[in-house]
*Asks:* 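Structure provided below as structure tokens; questions to follow.
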Amino acid sequence: MVTMVREAFPDIIFAIEDLFGEGDQLAVRLSWTGTFKGKYGNFKPTGNVLTMKESLFVWFDKGKETKQIAYVDWLSFFQQAGIPIRERT
């Protein structure tokens, strides 16, 4: 996943907005900006600059990551990237 994101957005810059941790849990609110210059999954690059916000929750056991959940506004991603959204029929 990291390789695919780096290839699609080679100039990507991440910023940690908030970081909270307690015990074996971590919560991160982050943002990133990058230019859509490479293939992302089945989507071809559009050259658009995206600015996204995400929330990430991570669980650990004995210092090793055991689970991760990310919340991403995919509608904003598709709109900013210039990827058409089709209605289901």
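Numbers for residues simply follow the sequence, beginning at 1.
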*Asks:* So for atom CD1, which belongs to Ile85, do other residues, nucleotides or ligands contribute more than 12 heavy atoms lying within a distance under 6.0 Å?
*Replies:* yes
*Asks:* Checking the side chain of Thr66 only, and the main-chain atoms of Trp59 only, is there a donor and an acceptor separated by less than 3.5 Å?
*Replies:* yes
*Asks:* For Thr35 versus Pro10, what's the shortest heavy-atom pair and its separation?
*Replies:* O-CD, 3.8 Å
*Asks:* Give a yes or no on whether Phe43 and Trp74 share a hydrophobic cluster (residues Ile, Leu, Val, Met, Phe, Trp, Tyr; joining criterion: side-chain heavy atoms under 4.5 Å apart).
*Replies:* yes
*Asks:* Counting only N and O atoms by type, is there a donor-acceptor contact under 3.5 Å from the side chain of Asp18 to the main-chain atoms of Arg29?
*Replies:* no
*Asks:* Measuring from atom CG of Asp73 to atom CZ of Phe78, what distance do you get when rounded to the nearest 0.5 angstrom?
*Replies:* 10.5 Å
*Asks:* Please determine whether residues Leu75 and Leu50 belong to a single hydrophobic cluster, defined as Ile, Leu, Val, Met, Phe, Trp and Tyr linked transitively by side-chain heavy-atom distances below 4.5 Å.
*Replies:* yes
*Asks:* Could you go through the side chain to side chain contact (heavy atoms under 4.5 Å, CB included) check for Asp61 and Asp24 one step at a time?
*Replies:* CA-CA 7 Å; Asp61 184 27; Asp24 61 355; 5.9 Å; no
*Asks:* List the atom of Gly38, the atom of Pro45, and the distance in Å for their closest heavy-atom pair.
*Replies:* N-CB, 3.5 Å
*Asks:* Can you check whether Phe77 and Tyr40 have ring centres sitting under 6.0 Å from each other?
*Replies:* yes
*Asks:* Quick check for you: to the nearest 0.5 Å, what is the distance between Ser31 atom OG and Ile16 atom CD1?
*Replies:* 9.5 Å
*Asks:* Run Asn48 and Gln80 through side chain to side chain contact (heavy atoms under 4.5 Å, CB included) and show every step you take.
*Replies:* CA-CA 7 Å; Asn48 293 5; Gln80 290 184 59; over 6 Å; no
*Asks:* Would you say Ile69 has more than 12 foreign heavy atoms packed within less than 6.0 Å of its CD1?
*Replies:* yes
*Asks:* For Gln68, is the CD atom crowded, meaning more than 12 foreign heavy atoms sit under 6.0 Å from it?
*Replies:* yes
*Asks:* Is there a path of hydrophobic side-chain contacts, each under 4.5 Å between heavy atoms of I, L, V, M, F, W or Y residues, that connects Phe57 with Leu26?
*Replies:* no
*Asks:* Once rounded to the nearest 0.5 Å, what's the spacing between atom CZ of Arg6 and atom CD1 of Ile12?
*Replies:* 6.5 Å
*Asks:* Over 60° means perpendicular and under 30° means parallel, so tell me whether Trp32 and Phe14 are parallel, tilted or perpendicular.
*Replies:* tilted
*Asks:* Any link between Met52 and Val5 through a network of hydrophobic side chains (Ile, Leu, Val, Met, Phe, Trp, Tyr) touching at under 4.5 Å?
*Replies:* yes
*Asks:* Looking at CZ of Phe60 and CD of Gln25, how far apart are the two atoms once the value is rounded to the nearest 0.5 Å?
*Replies:* 10.5 Å
